[in-house]
Amino acid sequence: MSTVVTSGGNAHRPVTLNPLAWRRWWLGIDRNDAVVAWAQTLPGQAAIHIALVAALFAMPYLRTSQVALMAVGLALCWAFPQRRLAVLAVTGLTYFLLRPFKIGPQYGYFEQLAAAAVPSGVPAALMLVPTGLVFLVFAFAMIQNQKHKYIAFVSNRPLLFMFMLGALLTAATAWLSHDNPLFAPIWIALAYLASTYFFLGYVLLDERSKTKAPLHMQMGFMRPFWAGFAPPMKGPAFYLKFQAQSDHDLAVSRLKGIKLAVWAAILFMIWDWGFNRLIYGYWGFPRLDDLIVATTSGEAASLGLRWAAVGIDFMRIVVLMGAAVHAIVAVVRVAGFCIPRGMVRPLASRTIAEFWGRYLFYFKEILVDFFFYPAFRRYFKNNPRLRMAFATFAAAFVGNVLFDFIHTMPSLAFEGGDRIWPGFLSYCVYAGLLTLGIIWSQQIQRPPKPEDGYVRYNVLPRIQVIVFFALLQVVDDSSAVVPIGERLTYLIGLFGVTL
Amino acid sequence: MNDEKLSHLRQSISDMLVNRGQPAEFADTESLFDSGRLDSMSAVNLLLELETAFDLDLSDPDFDISQIDTFAEIRQLVSAPA
């Protein structure tokens with residue numbers, strides 16, 4: 001490789017047109033002294049921030065308002081690097097007060113309920129601020145109880161307590177008439193609790209951490225500015241651990257972030273141009289859901305086409321999820337927290353359990369932190385295999401299903417059970433199959449070893465994992481647009497069985 | 001006695017790192033789980049070893065896995081009076 005040494009020191013920047021040499025150089029920028037030094041200069045910092053925001057705007061699955069909020073948060077973290085935690089608190093609280101819910105239609109329903117409480121001409125959305133403040137009082141009380149253990153059951157089982165509260169509120173919204181004066185405050189309380197359950201949950205879990213964050217940062221973590229559509233990615237104590245402690249660390253964190261943002265943009269382009277425009281658009285290849293509906297209603301499709309639709313849909317989703325997760329982690333890293341990646345080469349996994357950890361790391365962490373560890377520490381301590389299987393069931397099935405259900409609880413009131421329950425049932429089937437797969441992987445599958453030979457170590461286990469998750473994708477849908485019965489019929493049909 | 005057990009525990013963690021394709025060496029204050037070097041399965045194995053070798057009861061509601069993210073924290077946990 002031809003290289004030159006720049007005036008910055010040991011920056012071996014390729015002068016060749018060989019793209020592989022440029023790729024190597026690009027992947028090493030966070031270890032390149034000259035680039036790290038440049039990233040600490042004002043032009044370097046500006047270039048990184050502008051490039052990141054431009055990359056985010058180029059990904060239409062992020063809403064413009066979300067990107068704008070991230071841009072403001074990043075700009076403030078850039079302007080006040082020593083006050084990064086305060087920036088997180090202020091932006092997080094502002095975000096929470098203005099956009100507290102995770103599901104779009106809940107805003108419309110909130111405004112409908114709040115309209116009765118505000119004078120005509122005043123936007124009902126303004127009521128989000130006082131109701132948000134009331135919920136923050138509840139969050140504050142929960143944190144204080146966690147610190148001081150005023151109510152032992154609530155401090156020992158804060159997540160169970162909040163779930164029971166949510167279930168009670170859900171039952172009340174189902175039981176009360178919508179005209180009842182208690183209905184609106186109960187539904188609003190439920191909507192806040194459901195949208196903030198896992199964010200507040202992490203703050204409460206952090207109270208047990210040795211590096212717990214100050215209270216103002218904990219309150220800001222009800223909705224960090226990067227959260228958007230994403231589930232919480234650990235709690236404030238985790239971010240304290242990965243916070244850049246020097247200008248050098250900050251530059252490295254930002255460079256790692258911009259590398260990830262570029263990779264996210266590439267993945268997004270593959271998803272948009274490769275899958276949507278070329279495969280599904282120009283070539284007219286059928287989308288999986290369309291093919292499921294068509295084949296179950298009697299249209300003919302070859303077995304090869306059915307399998308290909310599954311494989312292509314699986315790859316499309318992996319690429320899209322990769323783009324989304326990398327974009328969010330990129331924002332966090334440029335903000336100054338060099339957290340681990342949210343997805344690390346999932347297709348290289350050799351076991352089902354390994355894929356589960358590599359695919360959506362932070363979602364898996366939620367299930368592990370909130371469900372797996374508590375179950376593992378408490379139950380079946382005298383039977384190691386049962387103990388592991390039960391803890392896995394608690395995370396992969398109970399946790400997975402509850403994660404979906406908790407976010408859906410407020411929607412039951414205005415969408416109705418007929419619309420929600422089929423999707424929930426569908427997700428239960430998905431979570432059940434996933435759980436069986438992981439338990440089989442942990443308890444029965446022998447982890448492949450290098451001495452098994454190249455094919456048995458590098459090829460077959462990976463194919464096995466990819467096929468499992470690709471097939472699982474057929475039933476992974478909580479929208480119920482395509483009923484679970486049709487999905488299962490299609491799944492069985494892939495093996496030549498027709499019902 | 002604890003030193004011997006801790007030494008064995010350190011070796012177990014090194015083995016877990018190697019099984020995950022990571023370098024076997026790790027500093028006492030280096031993050032093992034939050035950093036992603038070890039996964040939840042490794043954490044489970046570590047919990048089992050802590051329970052059996054040091055007779056710890058980790059079902060205490062105040063216990064959290066983040067309390068044993070580094071070897072220094074593990075040493076502190078097993079050295080603390082019950």
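Here is how names work: the chains are called A, B, and so on, in the same order as the sequence lines, proteins then strands, and each is numbered from 1.
- With a 6.0 Å radius and a threshold of 12 heavy atoms from other residues, nucleotides or ligands, A:R446 has its CZ atom above the threshold.
- In this structure, CE on A:M388 lies 6.0 Å from CG on B:N45, to the nearest 0.5 angstrom.
- A 6.0 Å sphere centred on OH of A:Y454 holds no more than 12 heavy atoms belonging to other residues, nucleotides or ligands.
- Inter-residue side-chain proximity for B:L48 and A:R387 is flagged as met; some heavy-atom pair is nearer than 4.5 Å.
- Contacts of A:F372 with chain B are made by side-chain atoms alone, with heavy-atom separations under 4.5 Å and no backbone atom involved.
- The salt bridge (charged side-chain N to carboxylate O under 4.0 Å, His left out) search around A:E207 returns A:K147, A:K212, not counting sequence neighbours.
- Counting heavy-atom pairs under 4.5 Å between each of A:E354, A:Q442, A:E365, A:R341 and chain B puts A:Q442 at the top.
- Heavy atoms closer than 4.5 Å to chain B are found nowhere in A:K449, neither backbone nor side chain.
- Considering NZ of A:K241 and CG of B:D69, their distance stands at 3.5 Å, rounded to 0.5 Å.
- Scored by the ring-ring contact (aromatic ring centres under 6.0 Å, His included) test, A:F238 finds A:F242 as partners (sequence neighbours excluded).
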